[in-house]
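Some notes on the structure that comes next.
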Amino acid sequence: MKITLNRLNDDFLFECTNSQGNSILLDNTSQPGAKGVSPMESVLMAVAGCSGIDVVAILKKQRQEITGFQAEVEGERIPVDDAKPFKSIKVRFLLEGNIDPKKALKAAQLSFEKYCSVSKTLEPNVEIGYEVLVNGEKV
């Protein structure tokens with residue numbers, strides 16, 4: 001796996017591109033007019049995307065009918081020397097459709113305990129929690 005990072009302006013706007021040519025923009029969001037996400041926001045996005053792929057894949061294999069899927073991710077940071085790494089991350093899955101709530105909860109559990117490489121990478125240093133709502137009801 002390889003990405004390239006190219007600076008796009010005289011400040012902090014970078015384009016990160018993978019080997020397939022897909023890209024995202026990273027920027028210093030503390031500056032006015034930022035045109036990309038911050039690197040730390042991209043970490044939260046990666047957790048959401050990785051676990052989201054897992055949950056959807058597991059539920060599709062179980063023939064669950066997903067008509068809506070959203071994840072909200074919040075990270076709490078703590079100062080460590082001059083950096084501010086994440087202390088904890090919480091993921092909230094909001095699913096809609098003809099979905100067995102127990103299967104949805106099990107899918108999230110499997111993602112974080114077994115399959116999600118992003119959360120597994122962060123896990124030694126970051127507490128990761130999750131909750132699942134199906135059709136507006138907390139499971």
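Here the structure is a predicted model, which is why all the values come from computation and not from measurement.
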Subject >> Backbone of Leu59 reached by a side-chain donor or acceptor of Gln62 within 3.5 Å >> reply: no
Original post:
Hey, any chance Val43 and Met45 share a hydrophobic cluster, counting ILVMFWY side chains that come within less than 4.5 Å of each other, even indirectly?
Top reply: no
Subject >> Neighbour count above 12 (heavy atom, 6.0 Å) for Arg63 CZ >> reply: no
**OP:** Measure the spacing between CG of Asn125 and CD1 of Ile128 and express it to the nearest 0.5 Å.
**Re:** 10.0 Å
Table please: side-chain donor-acceptor pairs of residues 102-115 below 3.5 Å, with sequence neighbours left out.
residue: Gln109; atom: NE2; partner: Glu113; partner atom: OE1; Å: 3.4
residue: Ser111; atom: OG; partner: Asp54; partner atom: OD2; Å: 2.9

Original post:
Is the shortest heavy-atom distance from the side chain of Gln31 to the side chain of Asp11 under 4.5 Å?
Top reply: no
Subject >> Residue pair Leu122 / Val47, side-chain heavy-atom distance below 4.5 Å >> reply: yes
Under 3.5 Å, side-chain donor or acceptor atoms of residues 15-23 against the rest of the protein: list the pairs with distances, not counting sequence neighbours.
residue: Glu15; atom: OE2; partner: Ser23; partner atom: OG; Å: 3.1
residue: Asn18; atom: OD1; partner: Gln20; partner atom: N; Å: 3.0
residue: Asn18; atom: OD1; partner: Gly21; partner atom: N; Å: 3.1
residue: Asn18; atom: OD1; partner: Asn22; partner atom: N; Å: 2.9

Subject >> Shared hydrophobic cluster for Leu44 and Val118 (ILVMFWY, side-chain gaps under 4.5 Å) >> reply: yes
Original post:
Counting N and O atoms only, with roles assigned by atom type, does the side chain of Asp27 sit under 3.5 Å from a partner on the main chain of Phe14, one being a donor and the other an acceptor?
Top reply: no
**OP:** Report the hydrophobic cluster partners of Leu13, with the cluster defined as I, L, V, M, F, W, Y residues connected by side-chain heavy atoms closer than 4.5 angstrom, directly or transitively.
**Re:** Leu8, Leu25
Original post:
Which distance, rounded to the nearest 0.5 Å, do you find between the CE of Met40 and the OG1 of Thr29?
Top reply: 11.0 Å
Subject >> For Glu127, side chain to side chain donor-acceptor pair (under 3.5 Å) partners two or more places apart >> reply: none
**OP:** Please answer whether the main-chain N or O of Phe12 pairs with a side-chain N or O of Asn28 as donor and acceptor at a distance below 3.5 Å.
**Re:** no
Please list, one pair per line, the donor and acceptor atoms closer than 3.5 Å that link side chains of residues 78-93 to other protein atoms, with sequence neighbours excluded.
residue: Ser88; atom: OG; partner: Glu76; partner atom: OE1; Å: 3.4
residue: Arg92; atom: NE; partner: Glu131; partner atom: OE2; Å: 2.8

Subject >> For the student: nearest non-hydrogen atoms of Ser117 and Thr121, plus distance >> reply: O-OG1, 2.7 Å
Original post:
Listed by chain and number, what are the salt bridge (Lys or Arg N to Asp or Glu O under 4.0 Å) partners of Glu123, not counting sequence neighbours?
Top reply: Lys120
**OP:** Rounded to the nearest 0.5 Å, what's the gap from CG on Leu26 to OG on Ser38? Could you check?
**Re:** 8.0 Å
Original post:
Are Leu133 and Tyr130 connected in a single hydrophobic cluster, I mean Ile/Leu/Val/Met/Phe/Trp/Tyr linked by side-chain heavy atoms less than 4.5 Å apart?
Top reply: no
Original post:
Considering all heavy atoms of both residues, which atom of Ser42 and which atom of Pro39 are nearest to each other, and what is their separation?
Top reply: OG-O, 2.5 Å
Subject >> For Val134 against Val132, the heavy-atom pair lying closest together >> reply: CG2-CG1, 4.1 Å
Original post:
How close do Glu65 and Ile99 get, heavy atom to heavy atom, and via which atoms?
Top reply: O-CG1, 3.5 Å
